[in-house]
Participant: 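Here's a structure for you.
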Amino acid sequence: WKDVSVDQIAGSKFISTSGMFIIRGLISLIIWGSIYHIYTDKKGLSITVVLLDNSKRPLLLKHAERLTMFTVWSWIMQGFYFAGATICSGLYMLSGSHQNNTHLEILILNTLKVGYEISFPVAFIVSLIVSFILIPAAKRLTGSADNFFAPMALLFHNANVIFMVFEMIFNKIPLHLWHLPFILIYGMSYSIFAWYWNWKRGFYYYFFMDYHRPDAIYWYVGLMVGISAFYLIAYGLSFTIFQYESNILPYAVVLLLAWISMRFKD
C-alpha cells in the first residue's frame, strides 16, 4: 500500500500537472453538475420495469430515487475519484511531492487508486450492458428504449467510458492484479442493495438481478465473471502501457473497446 505516491495520483505521462488539474476539474464539474440536476429535477424520470410475471409497471423516479441505479452509483464513484484526483493534482502543482506521507495521506491516496481501478472496468461493463442487453430488452419487453437516448442517459452511459479512457491514457496510476477483489466487492454490494430495493419497492431495475428467475444464477455468475474479465483486461492494458510506453497497441485497444462499448443513437 505504501508504494502509492502523490506523483502517481496527481501527475501524467504526457501532459503537465496543471493540465491534469484543469481537465479533471472540468470532468468533476460535469459529473457533480449532472448528479445535482437529476437530484433536483422536479419532473422526475418515467420508466417501465418488467416484473417476474412479465407484467409491466410504470414508475416515476424523483430526487434520491434517481441515485439508486447501478449506472448512477458508478457515475458517483467516478465523481468522487475525479474530485479527489483534482485536489491531488492541484496540491501537487502548488507544493510538489514529499516522501514521508502520513497514515491518513496514504489511506487517501490508496482510496483514490482503488476508486480508479474500480471505475475503469465498471464504466465499460455499464456501457456494454446498456448497449447489448438493456436496450434490446427494453425494445422487446416494453416496446421503447427512448429513455436510454435521453441526454442524461447518454451522458451517464458514454461519458463514463470517455473519462476513464482519458485517465488510462494520461494518468500515471498502474493497476494491481491483487486488487481484483475490490471490484467484486463493489459488484456484490450493489447486488445486496438491489435485493433491499426490491424488498422495499417491489421491483428490480435490471431484470437479470431478480433471483426468483430460474436463470438468475447464470446471470449473477456471468456478471461476476464479466467484471473480473474486464478488470484483467484493464490490468493487462495498464501493465503493457507502463512496461512499453512507446507501444501504441494498448492505446489503440483502449480506444477500440470504447468505440465498441458506446452507443449514441438507436
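In what follows, every heavy atom counts, from backbone to side chain, and hydrogens, waters and symmetry copies are set aside. Predicted model, so just to flag it, every value in this text is computed and none were measured.
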Participant: Keeping Asn160 on the side-chain end and Phe156 on the backbone end, is there a donor-acceptor pair under 3.5 Å?
Facilitator: yes
Participant: Could you pull out all residues at least two apart from Asp210 that satisfy side-chain hydrogen bond (donor to acceptor under 3.5 Å, both in side chains)?
Facilitator: His212
Participant: Quick check on Tyr39: does its OH atom have over 12 non-hydrogen neighbours (other residues, nucleotides or ligands) under 6.0 Å away?
Facilitator: no
Participant: Testing the basics here: between Ser34 and Met152, what is the closest heavy-atom pair and its distance to 0.1 Å?
Facilitator: CB-SD, 3.9 Å
Participant: I'd like to know if the side chain of Asn171 and the backbone of Ile9 have a donor-acceptor N/O pair within less than 3.5 Å.
Facilitator: no
Participant: I'd like to know if Asp41 pairs up with Lys62 as an ion pair, taking the criterion as any Lys NZ or Arg NE/NH1/NH2 lying under 4.0 Å from an Asp or Glu carboxylate oxygen.
Facilitator: no
Participant: Has Phe80 got more than 12 heavy atoms of other residues, nucleotides or ligands less than 6.0 Å from its CZ?
Facilitator: no
Participant: Within a strict 4.5 Å, meaning less than it, do heavy atoms of the Ile30 and Phe163 side chains meet?
Facilitator: yes
Participant: For Tyr36, I'd like to know if atom OH has over 12 heavy atoms of other residues, nucleotides or ligands within 6.0 Å.
Facilitator: no
Participant: Kindly assign one of parallel, tilted or perpendicular to the pair Tyr220 and Trp195, based on the angle between their ring planes and the thresholds 30° and 60°.
Facilitator: tilted
Participant: Whether the Thr68 and Tyr205 side chains hold a donor-acceptor pair (N or O, under 3.5 Å, no angle test) is what I'd like checked.
Facilitator: yes
Participant: Is any side-chain heavy atom of Tyr235 closer than 4.5 Å to one of His179?
Facilitator: no
Participant: A side-chain contact here means heavy atoms from C-beta on lying under 4.5 Å apart; do Ser131 and Met262 qualify?
Facilitator: no
Participant: Do Leu184 and Met224 touch side chain to side chain, with heavy atoms closer than 4.5 Å?
Facilitator: yes
Participant: Do you know the tightest heavy-atom contact between Ser74 and Val126?
Facilitator: OG-CG2, 4.1 Å
Participant: In this structure, is the centre-to-centre distance between the rings of Trp73 and Phe193 below 6.0 Å?
Facilitator: yes
Participant: Looking at Phe239, I want to see if its CZ is surrounded by more than 12 non-hydrogen atoms of other residues, nucleotides or ligands under 6.0 Å.
Facilitator: no
Participant: Which label fits Phe208 and Trp219: parallel for a plane angle under 30°, tilted from 30 to 60°, or perpendicular past 60°?
Facilitator: parallel
Participant: Taking side chain to side chain donor-acceptor pair (under 3.5 Å) as the cut-off, I'd like each qualifying pair that reaches into residues 14-25, sequence neighbours left out, listed once.
Facilitator: Ser16-Ser18, Arg24-Tyr81, Arg24-Ser89, Arg24-Glu167
Participant: Give a yes or no on whether the ring-centroid distance for Tyr190 and Tyr186 is below 6.0 angstrom.
Facilitator: no
Participant: Working to the nearest 0.5 Å, report the span between CD1 of Ile47 and CG of Leu61.
Facilitator: 4.5 Å
Participant: State whether a side-chain donor-acceptor pair under 3.5 Å links Asp7 with Ser5.
Facilitator: no
Participant: Does any non-hydrogen side-chain atom of Ile35 lie less than 4.5 Å from one of Val72?
Facilitator: yes
Participant: Check the orientation of Phe124 and Phe120. Use parallel for under 30°, tilted for 30 to 60°, and perpendicular for over 60°.
Facilitator: tilted
Participant: Just to verify, what does Gln8 make a side-chain hydrogen bond (donor to acceptor under 3.5 Å, both in side chains) with, not counting sequence neighbours?
Facilitator: none
Participant: Quick check with a 6.0 Å cut-off and a 45 degree axis cone: is Lys113 positioned over the face of Phe182's six-membered ring?
Facilitator: no
Participant: Is it the case that atom OH in Tyr218 sees more than 12 heavy atoms from other parts of the structure closer than 6.0 Å?
Facilitator: no
Participant: What do you reckon, is CG of Leu60 surrounded by more than 12 foreign heavy atoms closer than 6.0 Å?
Facilitator: yes
Participant: When you compare the side chain of Tyr116 with that of Met164, does any pair of heavy atoms fall below 4.5 Å?
Facilitator: yes
